[in-house]
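Proteins come first, then strands; the chains are lettered A, B, ... in the order of their sequence lines, and each starts at number 1.
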6 protein chains.
Amino acid sequence: MAAPIEYADAAPEVRAVYDDIKQTRQIKDVNNFWKYLAHDPATLKRTWQSLKQIMAPGALDAVTKEMLYFAVSVTNGCEYCIASHGTAARKAGMSEAMFGELMAVVGMANETNRLANGYRVPVDPAFDK
Amino acid sequence: MAAPIEYADAAPEVRAVYDDIKQTRQIKDVNNFWKYLAHDPATLKRTWQSLKQIMAPGALDAVTKEMLYFAVSVTNGCEYCIASHGTAARKAGMSEAMFGELMAVVGMANETNRLANGYRVPVDPAFDK
Amino acid sequence: MAAPIEYADAAPEVRAVYDDIKQTRQIKDVNNFWKYLAHDPATLKRTWQSLKQIMAPGALDAVTKEMLYFAVSVTNGCEYCIASHGTAARKAGMSEAMFGELMAVVGMANETNRLANGYRVPVDPAFDK
Amino acid sequence: MAAPIEYADAAPEVRAVYDDIKQTRQIKDVNNFWKYLAHDPATLKRTWQSLKQIMAPGALDAVTKEMLYFAVSVTNGCEYCIASHGTAARKAGMSEAMFGELMAVVGMANETNRLANGYRVPVDPAFDK
Amino acid sequence: MAAPIEYADAAPEVRAVYDDIKQTRQIKDVNNFWKYLAHDPATLKRTWQSLKQIMAPGALDAVTKEMLYFAVSVTNGCEYCIASHGTAARKAGMSEAMFGELMAVVGMANETNRLANGYRVPVDPAFDK
Amino acid sequence: MAAPIEYADAAPEVRAVYDDIKQTRQIKDVNNFWKYLAHDPATLKRTWQSLKQIMAPGALDAVTKEMLYFAVSVTNGCEYCIASHGTAARKAGMSEAMFGELMAVVGMANETNRLANGYRVPVDPAFDK
């Protein structure tokens, strides 16, 4: 089981990514996810650059993107991602009322996904247009 | 493999649900999902009532809820739900630019969920507060 | 994409498995699953022997086992397995009323699994005894 | 991370659900799942009412329903649900011999689901009738 | 439902990605995956660049990487990815004997993953070192 | 929650499996997975015999098989299996560079599986040959 790589022990290419994360997010230290990915600097850099591009506000705002991220993580049962993106969504503006409704939708979607599977429901032609 | 139950052949309790769906959504006919669930009127009624309550705009608006529904369906690989909720999200106002960003987030979340799993990243204490 | 291996074209070790499936299940021909697995006779034989042992009535009867198999297949969204084990469960005695209740449980379990994930519910000490 | 809402601190609408759970199940306190859902009283109430309806004995008895719930939870890897529904299934009458056979079926179904996927096995026409 | 974007109809930024895919893989046309992603040029470009970097032979050779890709796709039940990466793995050198063993491992892993879940097996201290 | 069954407390049929595992793997004690499966001797024996057959080097070598096992376990989020097969893969020769590339492939496959789902990409005819 690997240990996290702290800034003080990091190679220059890893520090450069940590610095960019800290500046972009205006935080003092990066979270564990990055400190473990740092064992593979190529993956660290590529993952951060992709995430930075994808999570920047655009046609969707930051809180919507974080809620979508959270919905996927809950569906997959990824404990780390549930914890980190739950925190991020709240930081981006998700209220407890929004959280409650988000969870209700995620639960319901997981239920009806299986109802559709088990009843072998064919796609309506109207949905294929 | 069951056949869909059309309005003309439906029992009164099934027709009552179909009528409520059509009125709520302002549509002329219900989609296949409901016509298959109708084989179990108790599940049909309960599922519709839950869905009606959950998907009504509240702290989250309709398009956000539909995008969350779609994100879960894509993660689970439910073809019917991808088709139906992709259509519903567009109808609720999702533009193609929003769809593109939604898909980018869903893809990335599915990737980093596995990076967190495989690197066995422990939850940061800050995320447990 | 591989083609199914029919009895007439099968090697003796494959035929031996086909014969045992047909005799055990009292059927005239094996279903596609076996005709594709036959491309790897070792996997064909091991899978059939495991399945034969596991699905034989014991502390659980045949219909309960087939319903459990179906519940897993629906959760995973495996179309082939939903079709084949739905048929097998009905053949083993699952009525449409049982099917309706089975699907209701499977849907609900998939929903509450995600509610438990997203709310990060800790296991009650009573459940660890 | 939310804290569980205990009965003493709960709003009247939450207490009403807790009371119904305790009376229905003949238990002294509700388990953590409900104490976390209580942060969203609408979801708490809807989830309990659905669960109460679905899990009541009908065409399937209580132990079969709990085993199906457990099979889904194991497939999804939901730790909380594995712990709670494993306990519930045993309470409803699942013996250790039944548990062993249940687990064997769940394991096998997860294996053959992927064999069917990877070999791209087409659904037999007989399964579509 | 979107239509694929063919080279003749593609914007210059999309054509640039198509050209790089064709040159890298020495093929005459890109497969459907890219023609659909082309609806979002930013995702098209980022996904191709990541894939090109990740799938290049390094500490692991091309066929091993394609088999890993296939194993994930089978586990998730992604039909498109099973078809495309099954083809890619064979092109990279996967024999039918290798395919058979790959599928056996993938099936077994999906089975024992659930056995570990359901029996709630704690991680051995030796695995945490 | 079951307790592990140690060798000293095990029935002869369980001991026989433990002995074979220890001899095959040249280890002094079996890991927890087997000590929990031992509650169902039939599953213990069948699982070990299948695993022994499947994981033996053949057309694929041991380290490739362990990496495939790990890739599936990461995709499913099975903590125990990630820990045990991560250890096994390293023991079989997986270097940290190989691990980094393996994880990059697994992450990317999980991402593109969902991109293919969400864009509803049809299988290219060339992949069906």
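Looking at heavy atoms from C-beta onward, E:N113 lies out of side-chain contact with D:N110 at the 4.5 angstrom threshold. For the pair D:R114/E:V106, a side-chain contact is recorded, criterion being any heavy-atom separation below 4.5 Å from C-beta on.
Contacts of D:S84 classified as side chain to side chain contact (heavy atoms under 4.5 Å, CB included), with partners at least two apart in sequence or in another chain: C:F127, D:Y80.
Residues of residues 59-78 of chain D lying under 4.5 angstrom from chain E, judged on non-hydrogen atoms, are D:F70, D:V74, D:T75, D:G77 by number.
In the displayed structure, E:K22 atom NZ is contacted under 6.0 Å by more than 12 heavy atoms of other residues, nucleotides or ligands.
Using a 4.5 Å cut-off between heavy atoms, D:A109 makes no contact with chain E at all.
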